[in-house]
Engineer: 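Here's a structure for you.
All ligand and atom numbering here is 1-based and tracks the order in the structure.
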Amino acid sequence: MLLLIQRVTLPALGILGGTFDPIHFGHLRLAQELADALGLARVRFIPTGTPPHRNLPQVSGAHRLQMVCTAIAGNPVFEADDREIRREGTSYTYDTLTELRDELGERPLCLLMGADAFTALTTWHRWQELFELAHVVIAHRPGFGLRELQAALPARLRKIYLQRLAGAPGVPRANAGSIVTREITALDISATLIRAMLARGSSPRYLAPDTVLEYIDRNHLYKDRDAR
Ligand code: ATP
């Protein structure tokens, strides 16, 4: 008798880390479009505490988390996770993914990022081991197209990119280890742009949700560099 064993495919979780200083429509569209394209059960937004690669965020982790919660309210696929802002010391994605892997067992994890972030991956702590913990899903961003991505990568990363690039769309069958690329709606929005507009008193309306901009206004954030 032929015994067919059906593989149980657990729903994949997307992880979107960032400073979210503040969160804007570029982040939200990236999460929505990748969730739809890959059939992710959830996307978890994880604001970074103390980032290793860049200047300290301009406002506190508590404010950035609140803005994330406000921005994703009402979307049943989106959730927020405060583990990095609670953690002492520098926030490493490697530590976060290790914790999530322990908590979630064999569930596929998809680390979502813009092509600009992927280009800098070799500067991340234990970057080669990230592929043992999650798939990496790369969305294009204005100025960082997917066609130019391969050429923009340092040689060590390019080799891994070509080895791990998944041919088929969707979440690969394993729970980690592949690279998936995806074109998304190009939104030339950055948190840097929004902070600069707020600092000079111009309106960033329609670049981020109104509720986020109301939160910024109520709490007098980003008026100047001492807004923490
Ligand atoms: P900043 O301007 O302060 O550097 P940012 O707008 O780039 O911030 P981050 O919080 O650093 O936002 O980004 C988190 C993730 O979201 C990164 O992987 C980044 O590539 C991606 N991302 C941010 N903005 C966009 C956008 N407009 N389109 C596509 N991806 C984006």
Side-chain angles (χ1 to χ4, degrees), residues 14-38 40 43-61 63-72 78 80-82 84-85 90-94 96-97 109-124 127 130 134-149 152-153 157 179-200 204 206-209 212-213 216 221-222 225 227-228:
I15 310 291
L16 181 59
T19 39
F20 302 122
D21 190 23
I23 189 166
H24 53 69
F25 285 134
H27 300 125
L28 294 162
R29 280 307 303 173
L30 176 149
Q32 184 66 48
E33 293 191 28
L34 294 182
D36 291 345
L38 279 88
L40 303 177
V43 177
R44 193 175 289 195
F45 290 69
I46 310 187
T48 188
T50 308
H53 309 115
R54 49 182 290 160
N55 295 338
L56 280 181
Q58 200 170 322
V59 310
S60 70
H63 279 315
R64 291 180 290 111
L65 176 68
Q66 270 313 311
M67 291 189 277
V68 166
C69 291
T70 300
I72 68 175
F78 290 175
D81 185 323
D82 66 354
E84 289 197 7
I85 63 169
T90 309
S91 296
Y92 292 118
T93 301
Y94 174 83
T96 300
L97 291 180
L109 291 177
C110 295
L111 181 63
L112 314 181
M113 64 180 75
D116 58 315
F118 184 74
T119 306
L121 197 76
T122 54
T123 64
W124 293 26
W127 66 274
L130 298 177
H135 301 296
V136 174
V137 183
I138 309 163
H140 95 288
R141 180 173 186 174
F144 298 88
L146 294 178
R147 267 190 226 122
E148 303 82 49
L149 180 62
L153 300 176
L157 181 56
I179 294 176
V180 176
T181 58
R182 185 88 197 174
E183 297 277 346
I184 59 168
T185 304
L187 294 176
D188 197 0
I189 305 174
S190 68
T192 303
L193 170 72
I194 294 175
R195 292 194 301 273
M197 293 176 92
L198 289 163
R200 65 171 183 262
Y206 310 122
L207 298 178
V212 170
L213 300 179
I216 290 171
L221 305 181
Y222 304 112
R225 290 209 61 83
R228 285 169 71 83

Engineer: Could you list the atoms of ligand 1 found under 4.0 angstrom from a heavy atom of T192?
Structural biologist: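 Atoms satisfying the 4.0 Å criterion: 1 (P), 2 (O), 3 (O), 4 (O).
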Engineer: Suppose I only count heavy atoms of M113 and a 4.0 Å limit; which atoms of ligand 1 are within that range?
Structural biologist: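 Those atoms are 18 (O).
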Engineer: Under a heavy-atom criterion of less than 4.0 Å, does R29 contact ligand 1?
Structural biologist: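 It does not, in that no heavy atom of R29 comes within the 4.0 Å cut-off of ligand 1.
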Engineer: Quick check: does any side chain N or O of R195 sit under 3.5 Å from a backbone N or O of D21, one acting as donor and the other as acceptor?
Structural biologist: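 Yes, R195 side chain to D21 backbone: donor-acceptor pair under 3.5 Å.
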Engineer: List every atom of ligand 1 that sits less than 4.0 Å from any heavy atom of L30, numbering the atoms from 1 in the order shown and giving each element.
Structural biologist: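 Here the atoms of ligand 1 in question are 29 (C), 30 (N).
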Engineer: Is any side-chain heavy atom of Y206 less than 4.5 Å from a side-chain heavy atom of I189?
Structural biologist: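 Not touching, per the 4.5 Å side-chain cut-off.
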Engineer: Need the ligand 1 atom indices (1-based, order shown) with element for anything under 4.0 Å from a heavy-atom of R195.
Structural biologist: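 This gives 3 (O) as the contact atoms.
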Engineer: Quick one: does H24 get an N or O within less than 3.5 Å of an N or O on ligand 1?
Structural biologist: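 Right, the criterion is met.
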Engineer: Just to be sure I'm reading this right: ignoring hydrogens, which of G17, P142, A117 gets closest to atom 14 (C) of ligand 1? Compare them by their nearest heavy atoms.
Structural biologist: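 That would be G17.
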Engineer: Can you tell me if R182 uses its side chain to pair, donor with acceptor, with the backbone of L30 under 3.5 Å?
Structural biologist: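 Not at all, since once roles are kept as given, no pair shorter than 3.5 Å links the two residues.
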Engineer: Taking distance alone, with no angle check, do D21 and ligand 1 share an N/O pair under 3.5 Å?
Structural biologist: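 N/O-N/O distance under 3.5 Å: no.
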Engineer: Look only at interatomic distance and state if F20 has a nitrogen or oxygen under 3.5 Å from any nitrogen or oxygen of ligand 1.
Structural biologist: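 Between F20 and ligand 1 (N or O atoms, distance only) the closest approach is under 3.5 Å.
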Engineer: Would you call L130 and Y94 a side-chain contact if the rule is heavy atoms closer than 4.5 Å?
Structural biologist: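 Yes, side chains in contact.
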Engineer: Should L112 and L40 be marked as a side-chain contact (heavy atoms from CB on, under 4.5 Å) after you check the CA-CA gap, both sets of side-chain angles, and the distance that decides it?
Structural biologist: CA-CA 11 Å; L112 314 181; L40 303 177; 4.2 Å; yes
Engineer: Applying a strict 4.0 Å limit to heavy atoms, is D116 in contact with ligand 1?
Structural biologist: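 So D116 counts as touching ligand 1.
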Engineer: For the residue pair H27 and F20, does the interplanar ring angle fall in the parallel (under 30°), tilted (30 to 60°) or perpendicular (over 60°) class?
Structural biologist: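 Because their plane-to-plane angle is over 60°, the rings of H27 and F20 count as perpendicular.
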Engineer: Considering only heavy atoms, which of A191, G26, A139 lies nearest to atom 8 (O) of ligand 1?
Structural biologist: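 Minimum heavy-atom distance to atom 8 (O) of ligand 1 goes to A191.
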Engineer: Measure the shortest side-chain to side-chain distance between Y222 and I194 over non-hydrogen atoms and say whether it is less than 4.5 angstrom.
Structural biologist: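 A side-chain contact is absent here, since even the closest heavy-atom pair is not under 4.5 Å.
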Engineer: Which atoms from ligand 1 have a heavy atom of G18 less than 4.0 Å away?
Structural biologist: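 Close to G18: 10 (O), 14 (C).
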Engineer: Answer whether the closest heavy-atom distance between the side chains of V137 and L38 falls below 4.5 Å.
Structural biologist: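 Yes, at least one pair of side-chain atoms sits under 4.5 Å.
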